[in-house]
> 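First the structure, then my questions, so here it is.
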2 protein chains.
Amino acid sequence: MTSALGSPGEAARALTIRDVARHAGVSISTVSRVMNGKRVRPELEQAVQQVLSDLNFRPSAVARSMVNGTTQTVGVLVEDISSAYYAELIKGIEGVLEKTGHHPLFKSSHWNVEFEEEALRVFLDHNVDAIIVVGGLLPEARLAALVGRLPLVIVGRSGLSRVSLSLGAALLTLDQRGGAALATRHLIELGHRQIVHLCGRPTQEDALARLQGYRDAMAAHGLEVRPEWVLEGDFLEVVAYRAMLGLVERKLPFTAVFAANDQMAFGANLALHRKGLRVPDDVSLIGFDDLPVSAYMVPPLTTVRQPAQQLGEAAARAAHDLMNHTSPVLAQLQLNLVLRESTRALRR
Amino acid sequence: MTSALGSPGEAARALTIRDVARHAGVSISTVSRVMNGKRVRPELEQAVQQVLSDLNFRPSAVARSMVNGTTQTVGVLVEDISSAYYAELIKGIEGVLEKTGHHPLFKSSHWNVEFEEEALRVFLDHNVDAIIVVGGLLPEARLAALVGRLPLVIVGRSGLSRVSLSLGAALLTLDQRGGAALATRHLIELGHRQIVHLCGRPTQEDALARLQGYRDAMAAHGLEVRPEWVLEGDFLEVVAYRAMLGLVERKLPFTAVFAANDQMAFGANLALHRKGLRVPDDVSLIGFDDLPVSAYMVPPLTTVRQPAQQLGEAAARAAHDLMNHTSPVLAQLQLNLVLRESTRALRR
DNA sequence: CGCGGGCGTGATAACGTTTTCTGCATGACC
DNA sequence: GGTCATGCAGAAAACGTTATCACGCCCGCG
């Protein structure tokens with residue numbers, strides 16, 4: 001182990017393929033060929049490999065990208081990396097991309113279309129090999145313009161027919177509206193009639209779909225939705241908390257709450273607790289998402305499970321397929337009810 | 001014959017600076033100069049700017065990196081992107097890097113030193129301008145080898161004196177041991193004597209430090225730590241949940257629990273609830289981290305706040321300073337107790 | 001024995017920028 | 001009015017790889 005080739009301790013300029021070639025007494029072409037597994041005379045191959053490992057040489061990914069036009073990078077755009085739901089989705093994406101040798105480049109758009117545009121620019125500038133867009137507000141035309149330039153996977157946007165038609169894009173959605181109806185129906189079947197809905201951020205497509213699903217289920221059972229039952233929200237705990245406090249204080253009668261996501265359910269749960277209302281004895285509470293923590297809420301939260309991680313995995317796989325020019329097989333993912341302890345039959 | 005959908009396989013080759021030069025009737029040098037704000041005759045500048053915006057031209061970041069050796073990228077290595085605590089930290093990093101025009105490249109090491117090594121390799125291969133390492137198990141020598149090659153920021157690793165000594169690296173830590181002592185002392189001051197500690201993952205430096213802090217505080221008050229009070233864990237809810245169930249079933253007396261992180265506190269909270277023990281009336285419970293959800297636990301969780309987001313911000317700022325060759329000013333961040341409703345004075 | 005065809009190797013041209021160098025004006029100063 | 005500085009544009013050299021091309025060698029076959 002005598003690694004005494006460099007003088008000790010100064011601005012160690014990074015090695016290049018030339019250095020390897022010089023040490024091995026071959027041309028740079030040969031070094032390149034060895035690294036890429038092309039045919040080379042065995043003894044030369046051996047020599048080069050030796051130098052490669054002696055010098056601990058690693059070729060510059062930038063230079064590689066320059067010549068073969070691919071970066072092994074995938075741009076991933078979500079609303080907020082650190083939000084619990086997206087974190088799960090990201091975990092899925094990360095997991096499969098790790099295996100395919102691609103590197104995700106995550107960007108948060110912060111629910112702001114300007115940031116989304118900017119992220120797209122950055123992705124394009126950096127020549128990512130594919131883009132995964134999760135939700136967001138980008139107009140269809142903007143997305144369509146991407147198709148053909150590079151593989152595009154769109155997650156959680158409905159009504160983007162044109163884009164999906166052109167090959168080179170994949171569309172993944174979950175039936176948010178149906179899931180919301182599922183949740184609401186569950187409450188109805190438990191005997192609840194006065195069901196409050198805590199809405200998500202109104203600029204989010206998902207929030208609207210869930211509100212609609214709630215209305216669907218109510219209508220399907222001939223139940224009126226009183227305006228004071230639909231409470232504005234934004235997917236965050238604090239707003240749900242305040243809204244729920246307000247509702248109780250106004251003494252409006254209700255027996256169940258459907259929150260547009262689990263985070264809001266947490267807020268509602270605490271508010272109800274503060275007001276001395278027991279969940280589920282006095283009020284049934286159902287959420288949406290099934291975050292990892294939701295199972296540990298007190299009481300454990302009944303909710304509609306979104307397979308976020310699997311969705312991320314499917315998105316990454318689709319991106320991978322698209323990059324390989326094979327048409328992606330899109331797993332058909334389902335929302336389903338997970339029954340825990342925050343809902344119960346209405347006492348008559 | 002140009003069809004509306006474009007010819008198949010005819011992916012619009014990206015524009016280059018040459019195209020701009022040709023359209024503007026100037027040399028590529030001039031285009032480059034205009035883009036970089038160097039002096040150019042006004043009418044030429046005007047013409048080039050016009051073409052630039054007409055063509056909506058964006059220079060290739062890869063080619064740029066190639067020549068000026070910088071990528072505007074920062075490698076960020078954490079245990080798990082999607083874990084709640086790291087998510088917050090990442091949010092901080094992302095926030096300030098967004099402003100400095102750098103792009104974070106996040107990698108999860110999954111508590112596996114092999115993955116850590118791999119991530120480092122990827123960062124180096126891609127020629128990131130700086131690296132931020134959060135926790136992890138990389139040996140000091142490995143980290144030291146990085147110093148000098150590029151700016152390095154290490155978060156949450158204590159006892160890395162040599163590295164910190166050499167300029168070009170920044171070290172950020174929080175006093176985990178002190179924080180744990182803070183939590184434990186709080187319980188002691190409330191009159192508790194039989195205090196259980198739910199340990200974090202034993203391979204994690206932080207977990208050990210917190211255990212030590214717990215012992216410190218107990219010892220400082222002349223309290224014995226009975227072996228059956230320190231419960232093995234791994235920072236996850238489920239293990240804490242099971243451990244707590246087991247403890248109660250064994251009918252060992254205790255009046256308070258200090259969980260090594262909030263997630264474990266959630267698990268413990270549910271277990272206690274299941275066993276009919278009320279928090280805080282029967283058992284006081286304190287966590288560590290102060291995750292965003294913790295304020296919405298029922299009851300709201302008393303915990304030791306880690307300023308994760310600010311820590312991330314500080315790390316990113318340090319990286320930025322290091323890249324600018326200015327010595328980083330390291331904000332001195334503190335852990336502090338946030339009193340909520342999961343602890344109360346022991347009834348005598 | 002000559003010649004064509006693999007095969008393996010080195011030289012070299014890309015890739016798309018920025019930077020350096022060169023050249024040509026123009027203006028200033030003696 | 002000549003010489004020198006100065007300003008600005010274009011040509012060309014870099015950056016570190018991979019792909020293409022051309023060449024030399026050995027082998028087999030006629």
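Within every chain, numbering begins at 1; the chains are lettered A, B, ... in the order of the sequence lines, protein sequences first and strands thereafter.
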> Identify the residue among B/Asp19, B/Val20, B/Ile17, B/Thr16 that makes a side chain to side chain contact (heavy atoms under 4.5 Å, CB included) with B/Ile28.
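The side chain to side chain contact (heavy atoms under 4.5 Å, CB included) with B/Ile28 is passed solely by B/Ile17 among B/Asp19, B/Val20, B/Ile17, B/Thr16.
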> What is the distance, rounded to the nearest whole Å, between atom NE2 of B/His126 and atom C1' of D/dT17?
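Checked: the NE2 to C1' distance equals 14 Å.
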> Quick one: B/Asp19 CG to C/dT17 C1', roughly how many Å, whole number?
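Nearest whole value for this atom pair: 13 Å.
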> Counting any heavy atom closer than 4.0 Å, what does A/Thr16 reach on the DNA or RNA strands: base, sugar-phosphate only, or nothing?
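Touches sugar-phosphate only.
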> Separation of A/Leu44 atom CG from C/dC7 atom C1', in whole Å?
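Whole-Å distance recorded here is 13 Å.
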> Taking only the side-chain nitrogens and oxygens of A/Thr30, find out if one of them lies under 4.0 Å from OP1 or OP2 of C/dG10.
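Answer is yes, contact under 4.0 Å.
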> B/Val26 side chain: which of C/dT18, D/dG10, C/dG16 is closest?
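Ranking C/dT18, D/dG10, C/dG16 by closest atom to the B/Val26 side chain puts D/dG10 first.
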> State which residues pass side chain to side chain donor-acceptor pair (under 3.5 Å) with A/Glu117; sequence neighbours excluded, sorted by chain then number.
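Applying side chain to side chain donor-acceptor pair (under 3.5 Å) to A/Glu117 gives A/Arg142.
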> How long is the span from the CD atom in B/Glu79 to the CD atom in B/Gln204, to the nearest 0.5 Å?
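Answer rounded to 0.5 Å: 4.5 Å.
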> State which residues pass salt bridge (charged side-chain N to carboxylate O under 4.0 Å, His left out) with B/Lys107; sequence neighbours excluded, sorted by chain then number.
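Here no residue qualifies.
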> Quick check: closest heavy atoms across A/Val62 and B/Asn127, and the distance to 0.1 Å?
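Heavy-atom minimum between the residues: CG2-CB, 4.1 Å.
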> Starting at CD1 of B/Ile17 and ending at C1' of C/dC15, how long is that distance when rounded to a whole Å?
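Distance, rounded to whole Å: 13 Å.
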> Under 4.0 Å, heavy atom to any atom of DNA chain C: which of residues 51-61 of chain B qualify?
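Hits under 4.0 Å, by residue number: B/Phe57, B/Pro59, B/Ser60.
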> With sequence neighbours left out, what residues match B/Glu114 under side chain to side chain donor-acceptor pair (under 3.5 Å)?
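None.
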> Under the side chain to side chain contact (heavy atoms under 4.5 Å, CB included) test against A/Ile154, which residue among A/Ile131, A/Leu143, A/Leu77 passes?
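With A/Ile154 as partner, A/Ile131, A/Leu143, A/Leu77 yield a single side chain to side chain contact (heavy atoms under 4.5 Å, CB included), made by A/Leu143.
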> Judged by atom type as modelled, is there a donor-acceptor pair below 3.5 Å linking the side chain of A/Ser65 to the main-chain atoms of A/Thr70?
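Answer holds: yes.
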> Nearest-Å distance, CG (A/Asn68) to P (D/dA19)?
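Taking atom P of D/dA19 as the reference, CG of A/Asn68 is at 6 Å.
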> Looking only at heavy atoms, what is the nearest atom pair of B/Ala24 and B/Val51, with distance?
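Closest pair (atom of B/Ala24, atom of B/Val51, distance): CB-CG2, 3.8 Å.
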> Do the charged groups of A/Asp125 and B/Arg64 touch, with an N to O distance under 4.0 Å?
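Salt bridge: no.
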> Could you give the CZ-to-P distance, from B/Arg22 to C/dG16, as a whole number of Å?
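For the pair B/Arg22 CZ and C/dG16 P, the rounded distance is 13 Å.
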> Nearest to the side chain of B/Val67, which nucleotide is it out of C/dT17, D/dA9, D/dT17?
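Out of C/dT17, D/dA9, D/dT17, the nucleotide with an atom closest to B/Val67's side chain is C/dT17.
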> Expressed as a whole number of angstroms, how long is the span from A/Arg18:CZ to C/dT12:P?
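After rounding, the gap between these two atoms is 11 Å.
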> Side chains of B/Thr100 and B/His102: do they bring a donor and an acceptor to under 3.5 Å?
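Yes, because at least one side-chain N or O of B/Thr100 sits under 3.5 Å from a partner of the opposite role on B/His102.
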> Between C/dG10 atom P and A/Ile28 atom CD1, what is the distance in whole Å?
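Atom-to-atom, A/Ile28 to C/dG10, this comes out as 11 Å.
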> Under 4.0 Å between a side-chain nitrogen and a carboxylate oxygen: does that hold for B/Arg121 and B/Glu118?
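Salt bridge between B/Arg121 and B/Glu118, a charged N being under 4.0 Å from a carboxylate O: yes.
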> In residues 32-42 of chain B, which residues come under 4.0 Å of DNA chain D by heavy atom?
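Here the set is B/Arg33, B/Arg39, B/Val40, B/Arg41.
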> At how many degrees, to 10°, do the end axes of the helix from C/dC1-D/dG30 to C/dC30-D/dG1 meet when each uses five pairs?
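One end axis against the other gives 60°.
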> Taking the minimum atom-to-atom distance to the side chain of A/Ser29, which one of D/dT17, D/dA19, C/dC15 wins?
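Per side-chain heavy atoms of A/Ser29, the pick is D/dA19.
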